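These notes are about the structure you will find just below.
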Amino acid sequence: MEIQLDQSSSPFNLEHTLRCGQLFRWEKMGDWWYGIVGEKVVKIRQINDRLVFQAFPEKVYANFVENYFRLDDDLPFILSRIGEDKHVRRAIRCFGGLRISRQDPWECLISYICATYKNIPAIKNMILNLSKRFGRKITFNSHHFYTFPKPSDLAHASLEEIKGCKLGFRAVSVLEASKIIDRGEFRLEDLRKMDYEKAKHELLSLPGVGQKVADCVLLFSLDKLEAFPVDVWMKRVILDFYPDYFEDSFVERVVGKSSITPGEYETIGSFGRRYFGEYAGYAQEYLFLLSRSQGENMNI
DNA sequence: ACATCCCCTTAGCC
DNA sequence: AGGCTAAGGGGAT
């Protein structure tokens, strides 16, 4: 199957989208990207304006790919809004066509609980371990892939089994959150129809979910494009590019710290939403990629 | 080689 | 209330 893109009305860059650190389940082999999405392996490549894809064991159609990569977002409009800022405009020139993905909320939640205080290669490794141990094996093009475990798979695992996937202290949060989701006490899909603030408040009640994890889940899986995740990279970028929007004492206090308090997180996050508007999450992704590429430490 | 720091932070303690 | 600290283990320097 393939999708014909119109780069002027609907720009898309597969490479930037898969390399920007929002997704942990994609790997490039030769000219093709292979990813595990739900119960399927998806193989995809972009050749100029063509997106060519194939899935196994079940087929997927254009609407599946369009939904996953949010090709329904009006990207030219979004970029014109956030691109009023000169730093974001520079990021857009470098990484135009980057899109936020629409992930499965359950997988996204567990992935970002695992992401706590970890670098991206290590996060990928933990998720692969969980999937090998608790997911389903799919062999395609003579490569082995493993689907992401379902809530009941993790909820009924022992703490030791989950720790065996190299999750460290995150294992307790992953197990407890899985039990809550599996028992039906927390319905992730219900968050989609709530506003950003309410949905975030709900997510914060889950173990292992702080503001950063909540914002990532809301942005990458629940259509809250105003979510503005603040990690150490984003803290640096914001204080570096926009110091005049904060009190001098705030900048002085926060700039040298490797971690930030919940209050400081809120200050930076609400600046992002106020300054960039309803598509703050898109601005965050462009700035995130820019900050990481500048240091040349693209350990993604 | 090898030590040391860092990591898309959270939660528990005081 | 808010500052301090511990918590896997792998990657980067």
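Just so it is clear, the structure is predicted and the values come from calculations on it, not from any experiment. Lettering follows sequence order; numbering is per chain, from 1.
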Between A:Thr116 and A:Ala122, name the one whose nearest nucleotide on DNA chain C is closer to the 5' end.
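Result: A:Thr116.
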
If you find the nucleotide of DNA chain B closest to A:Leu204 and the one closest to A:Tyr112, which residue's nucleotide is nearer the 5' end?
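This one resolves to A:Tyr112.
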
Report the residue (A:Ile123 or A:Leu206) whose heavy-atom-nearest nucleotide on DNA chain B is the more 5′ of the two.
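With A:Ile123 and A:Leu206 compared, the 5'-side residue is A:Ile123.
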
Gap separating the CG atom of A:Leu130 from the CD1 atom of A:Ile162, nearest 0.5 angstrom
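Going from CG on A:Leu130 over to CD1 on A:Ile162, the span is 7.0 Å.
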
About how many Å separate CE of A:Met194 and CG of A:Leu218, when rounded to the nearest 0.5 Å?
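Output value for this atom pair is 10.5 Å.
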
Heavy atoms only, 4.0 Å cut-off, all strands: where does [X] land among base, sugar-phosphate and nothing?
X	result
A:Val209	sugar-phosphate
A:Ser259	base
A:Gln22	base
A:Arg236	sugar-phosphate
A:Pro262	nothing

Length of the line joining [X]:[atom1] and [N]:[atom2], which is rounded to integer Å:
X	N	atom1	atom2	value
A:Arg253	C:dG3	CZ	C1'	11 Å
A:Ile260	B:dA11	CD1	C1'	16 Å
A:Arg170	B:dC7	CZ	C1'	9 Å

Could you check whether A:Tyr117 and the base of C:dA7 form a stacked pair, meaning centres closer than 5.5 Å and planes differing by less than 30°?
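By the stated criterion, A:Tyr117 and C:dA7 stack.
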
Residue that, paired with A:Trp26, satisfies side chain to side chain contact (heavy atoms under 4.5 Å, CB included) out of A:Ile36, A:Thr17, A:Val37, A:Leu14
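Going through the options one by one, the only one that passes is A:Val37.
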
Passes side-chain hydrogen bond (donor to acceptor under 3.5 Å, both in side chains), A:Tyr196 versus A:Arg273? Steps please.
CA-CA 11 Å; A:Tyr196 166 73; A:Arg273 277 184 292 286; 3.0 Å; yes

I want to verify the glycosidic state of C:dG8; is it syn or anti under the 90° rule?
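Here the answer is syn: the torsion falls within 90° of 0.
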
For the C1' atoms, the ones on C:dA7 and on B:dC5, what distance do you get once it is rounded to whole angstrom?
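Taking atom C1' in both C:dA7 and B:dC5, they lie 16 Å apart.
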
For the side chain of A:Lys235 and the backbone of A:Lys257, is there at least one donor-acceptor N/O pair under 3.5 Å apart?
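Indeed, once roles are kept as given, a pair shorter than 3.5 Å links the two residues.
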
From the list C:dG3, B:dT10, B:dC7, which nucleotide is the closest neighbour of the side chain of A:Thr261?
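Among C:dG3, B:dT10, B:dC7, the one nearest the side chain of A:Thr261 is C:dG3.
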
Which nucleotide, C:dG10, B:dT9, C:dG3, lies nearest any side-chain atom of A:Asn125?
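Minimum distance to the A:Asn125 side chain belongs to C:dG10.
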
If pairs are Watson-Crick or G-U with both distances under 3.5 Å, what is the dot-bracket string of DNA chain C, marking crossing pairs with [ ] and pairs to another strand with |?
.||||||.|||||

Spell out yes or no: do the side chain of A:Lys118 and the base of C:dG10 have one donor N/O and one acceptor N/O closer than 3.5 Å?
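A donor-acceptor contact between them is absent.
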
base_contact_polar (B:dC8 base, A:Lys212 side chain, donor-acceptor, <3.5 Å):
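Between B:dC8 and A:Lys212, which were checked side chain against base, a qualifying N/O pair under 3.5 Å is present.
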
Compute whether any side-chain donor of one residue and acceptor of the other, for A:Asp85 and A:Tyr242, lie under 3.5 angstrom apart.
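Side-chain D/A pair, A:Asp85 to A:Tyr242: present.
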
Can you tell me how the ring of A:Tyr68 sits relative to the ring of A:Phe64, calling it parallel under 30°, perpendicular over 60° and tilted otherwise?
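A:Tyr68 vs A:Phe64 ring planes: parallel.
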
Could you tell me how the ring of A:Tyr275 sits relative to the ring of A:Tyr245: parallel (under 30°), tilted (30 to 60°) or perpendicular (over 60°)?
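A:Tyr275 and A:Tyr245: perpendicular rings.
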
